[in-house]
Peer 1: 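There's a structure below that I have some questions on.
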Amino acid sequence: MAIIGTVLQEIVKRKGFNTTGIQHNIEQQCLVLKKLLNKAKKTAFGKAFNFDTILKSKDIVAEFQNNVPVYDYNSMYESWWNRVQEGESNICWPGKVKYFALTSGTSGAASKKIPITNEMINAIRKTGIRQTFALRDLNLPTSFFQKDVMMLGGSTNLYKLQDGMEGDLSGIMQRKLPFWFGKFYKPGKPIAKERDWNLKLNKITSDAYKWDIGAMAGVPAWIQLLMEKIIDHYQVANIHEIWPNFSVYVHGGVSFAPYRKSFEKLLGREIYYLETYLASEGFIAYQSKRDSDMQLVLDNGIFFEFIPFTEENFECDGQLKANPKALFLKDVKQGAEYAILLSTVAGAWRYLIGDTIRFTNINNFEIVICGRTKHYLSLCGEHLSVENMTMALNKVAEDLGIDIKEFTVAGIPHENLFAHKWYIGTNKTDVDSNIIKSKLDAALCELNDDYKVERKAALKDLLIEILPVELFYDYMRAKGKEGGQNKFPRVIGSQYNDWDAFVNQNKN
């Protein structure tokens, strides 16, 4: 198989990252929308919203925005996707949908089911191959392309439905890996089918010494747990004593910043990090160069719109207001924060994915993820984003020389006004919570002027609870959301009482 490694390296060398220009990217997005509308014009959705007429207009983007409403999951399900899940054909996309991706997270109730069409599977695979080209910037040796790749995701043993199957997106995609990748793919099909997360990690750990891992991909918390388990099992100093050629980690789903310090303690040498933005609704962006932010994928099955994340468009609890102002790609501004709307080859139309992003390079349409529309706090006008929270906690951790791997925040009533209750996960649980409170409050005031103002008014206090990191994972396990693409919400809303009761019952 050495020849495959050589061929892959040559492909990567030839297919390096290329900046195509603003106008070209805008034209690509217009072309994507035309293709989507043309493909779906005979579906129930396309007929209901006159896709044929939209395609004949002079300004297709404007006509599309004027005729098609904005949807969130609930409204999309109630109006259209319930029929898709019942097995009806030609509802939002031609044909019958076979796969449904279960979304992650614990902030809501039951998991949502996102349609996954064959066209979406192909689009995700195509973008994944493109990110491989980013390896060109890392100057890796030819031998790297002959090493194994650890893909730590959900079970490939999907749950059968009457007319399809459902499961974690990573499990669906691992079932659809190209045949030639089987030589490199680890942990391999038998272990990948395992649904019990602890049993899966134990099996991977037992077989770890057999593999020569060059790259890993997965959510940071679960990759870190795996490495810790392997290091402990084999009684070695770091993961490179088991996998000496481990060189690249592809991460996504959450900010890697809180994990980096403790992650690097598990390594024997420096590695490269590449970030992805792969959601259940599609492969949205990826890091195409070592020192860049993620670049939106503008020519592969997704049409983007951007709603300014402001009080004009969103309620204080993150709920979208009626008739929000949605911008096309050419109208976005660098540094502004937006909620994303997607129209995709899986039959999502003007769909509010729930994430917020910020453009860091408007020329290349590079972005960073700021948080979730409903995962921010604005009880009294403090407008505190997950990005603010993460940056402030990173500063606290650095000042105190501790690792803070997990956290969540709740907005609660307090002294007739309000407070933020922080649950902070660190293995150094003897740290003084008053010191953390003081440093965290100061850092947030420095980062966010609105927060600083409200701390003198309606936001009366910060309440700090220091917890072992494992307690966060225990709660996920108790909710059946362990492993795969699941991650703990940074702002806990409707499940606050349940979480707080769990903490009080189990923290000791």
Side-chain angles (χ1 to χ4, degrees), residues 107 254-255 257-258 308-319 321 335-339 356-358 368-426 428-429 431-467 472 488-497 499-500 503-504 507:
S107 58
V254 294
S255 170
F309 194 50
T310 62
E311 292 179 348
E312 178 185 356
N313 296 312
F314 289 87
E315 305 286 357
C316 63
D317 62 354
Q319 186 68 35
K321 292 182 178 180
E337 188 172 351
Y338 299 97
T356 61
I357 60 97
R358 176 166 48 82
V368 293
I369 301 172
C370 300
R372 301 278 293 171
T373 55
K374 295 187 178 180
H375 286 192
Y376 85 114
L377 286 177
S378 191
L379 298 175
C380 48
E382 67 271 36
H383 302 118
L384 195 63
S385 69
V386 172
E387 187 179 33
N388 293 155
M389 300 171 194
T390 302
M391 292 175 66
L393 271 182
N394 287 344
K395 187 176 189 309
V396 171
E398 185 177 347
D399 287 350
L400 298 179
I402 62 174
D403 294 334
I404 297 176
K405 298 180 182 179
E406 296 289 347
F407 74 89
T408 192
V409 191
I412 62 173
H414 183 71
E415 295 181 359
N416 297 320
L417 289 169
F418 305 101
H420 290 173
K421 186 165 184 179
W422 289 76
Y423 300 85
I424 296 174
T426 174
K428 190 175 176 58
T429 54
V431 64
D432 190 331
S433 61
N434 289 320
I435 293 177
I436 286 187
K437 172 182 173 179
S438 176
K439 288 183 173 292
L440 178 59
D441 197 25
L444 290 171
C445 286
E446 184 177 343
L447 287 167
N448 188 313
D449 288 338
D450 290 335
Y451 174 88
K452 184 177 181 179
V453 169
E454 292 305 326
R455 280 294 283 124
K456 299 175 182 178
L459 188 60
K460 302 302 292 184
D461 207 354
L462 275 70
L463 309 176
I464 308 294
E465 184 111 32
I466 308 297
L467 302 172
F472 289 80
F488 207 97
R490 293 316 189 197
V491 176
I492 195 153
S494 61
Q495 287 193 320
Y496 164 69
N497 290 331
W499 160 246
D500 191 60
V503 168
N504 290 327
K507 63 184 177 182

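All heavy atoms count here, side chains included; hydrogens, waters and symmetry mates do not. This structure is a prediction, so every number in the text was calculated from the model and none was measured.
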Peer 1: State the OG-CD1 distance between Ser438 and Ile464, to the nearest 0.5 angstrom.
Peer 2: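 Output value for this atom pair is 10.5 Å.
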Peer 1: With sequence neighbours left out, what residues match Trp499 under ring pair (Phe, Tyr, Trp, His ring centres under 6.0 Å)?
Peer 2: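 In terms of ring pair (Phe, Tyr, Trp, His ring centres under 6.0 Å), with neighbours along the sequence ignored, Trp499 is linked to Tyr423, Phe472, Tyr475, Phe488.
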Peer 1: Around atom NZ of Lys421, are there more than 12 heavy atoms of other residues, nucleotides or ligands at under 6.0 Å?
Peer 2: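 Correct, the count exceeds 12.
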Peer 1: Calculate, to the nearest 0.5 Å, the distance between atoms CH2 and CD belonging to Trp422 and Glu465 respectively.
Peer 2: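 Rounded to the nearest 0.5 Å, the CH2-CD separation comes out at 14.5 Å.
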Peer 1: With sequence neighbours excluded, give me every salt bridge (charged side-chain N to carboxylate O under 4.0 Å, His left out) pair touching residues 383-397.
Peer 2: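 Sorted result for residues 383-397: Arg358-Glu387, Lys395-Asp399.
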Peer 1: Is a side-chain donor or acceptor of Asp432 paired with a backbone partner of Asn434 at a separation under 3.5 angstrom?
Peer 2: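 Yes, because the side chain of Asp432 sits within donor-acceptor range (under 3.5 Å) of the backbone of Asn434.
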Peer 1: Any salt bridge linking Glu406 with Arg490? Criterion: basic side-chain nitrogen under 4.0 Å from a carboxylate oxygen.
Peer 2: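 So Glu406 pairs with Arg490 through a salt bridge.
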Peer 1: State, yes or no, whether a side-chain contact exists between Lys428 and Asp403 at a heavy-atom distance under 4.5 Å.
Peer 2: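 A side-chain contact under 4.5 Å is absent here.
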Peer 1: Can you name the one residue among Ile424, Asp461, Val396 that meets side-chain contact (heavy atoms from CB on, under 4.5 Å) with Lys437?
Peer 2: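 The option that passes is Asp461.
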Peer 1: Kindly give the heavy-atom pair with the smallest separation between Lys321 and Phe314, and that separation in Å.
Peer 2: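 Lys321 and Phe314 have their closest heavy atoms at CE-O, 3.5 Å.
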Peer 1: Starting at CG of Leu440, measure out to CD1 of Ile404 and round the result to the nearest 0.5 Å.
Peer 2: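 Here the rounded value is 8.0 Å.
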Peer 1: Measure from the side-chain N and O atoms of Asn394 to the backbone N and O of Thr390, and report whether any donor-acceptor pair falls under 3.5 Å.
Peer 2: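 Yes.
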Peer 1: Do the side chain of Asn313 and the main chain of Phe309 share a donor and acceptor less than 3.5 angstrom apart?
Peer 2: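 Here the side-chain-to-backbone pair does not exist.
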Peer 1: Write down the atom of Asn388, the atom of Leu444, and the distance for their closest heavy-atom approach.
Peer 2: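 Looking at all heavy atoms of both residues, the closest pair is O-CD2, 3.8 Å.
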Peer 1: Quick one: CZ on Arg455 to CG on Asn448, what's the gap to the nearest 0.5 Å?
Peer 2: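 If we round to the nearest 0.5 Å, Arg455:CZ and Asn448:CG are 12.5 Å apart.
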Peer 1: Given Leu384 and Val409, is the side chain to side chain contact (heavy atoms under 4.5 Å, CB included) satisfied, shown in steps?
Peer 2: CA-CA 11 Å; Leu384 195 63; Val409 191; over 6 Å; no
Peer 1: Would you give the length of the straight line joining atom OG1 of Thr426 to atom CD1 of Ile436, rounded to the nearest 0.5 angstrom?
Peer 2: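 Atom-to-atom, Thr426:OG1 and Ile436:CD1 are 7.0 Å apart.
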Peer 1: Ignoring hydrogens, what is the shortest heavy-atom contact between Cys370 and Ile357? Give both atom names and the distance.
Peer 2: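 Scanning both residues, the minimum pair turns out to be SG-C, 3.8 Å.
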Peer 1: With the side chain counted from C-beta on, respond yes when Leu459 and Leu417 share a heavy-atom pair under 4.5 Å apart, and no when they do not.
Peer 2: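 With C-beta onward as the side chain, the pair stays apart.
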Peer 1: Looking at residues at least two apart in the chain, or sitting in another chain, which of them share a ring pair (Phe, Tyr, Trp, His ring centres under 6.0 Å) with Tyr496?
Peer 2: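 Residues passing ring pair (Phe, Tyr, Trp, His ring centres under 6.0 Å) with Tyr496: none at all.
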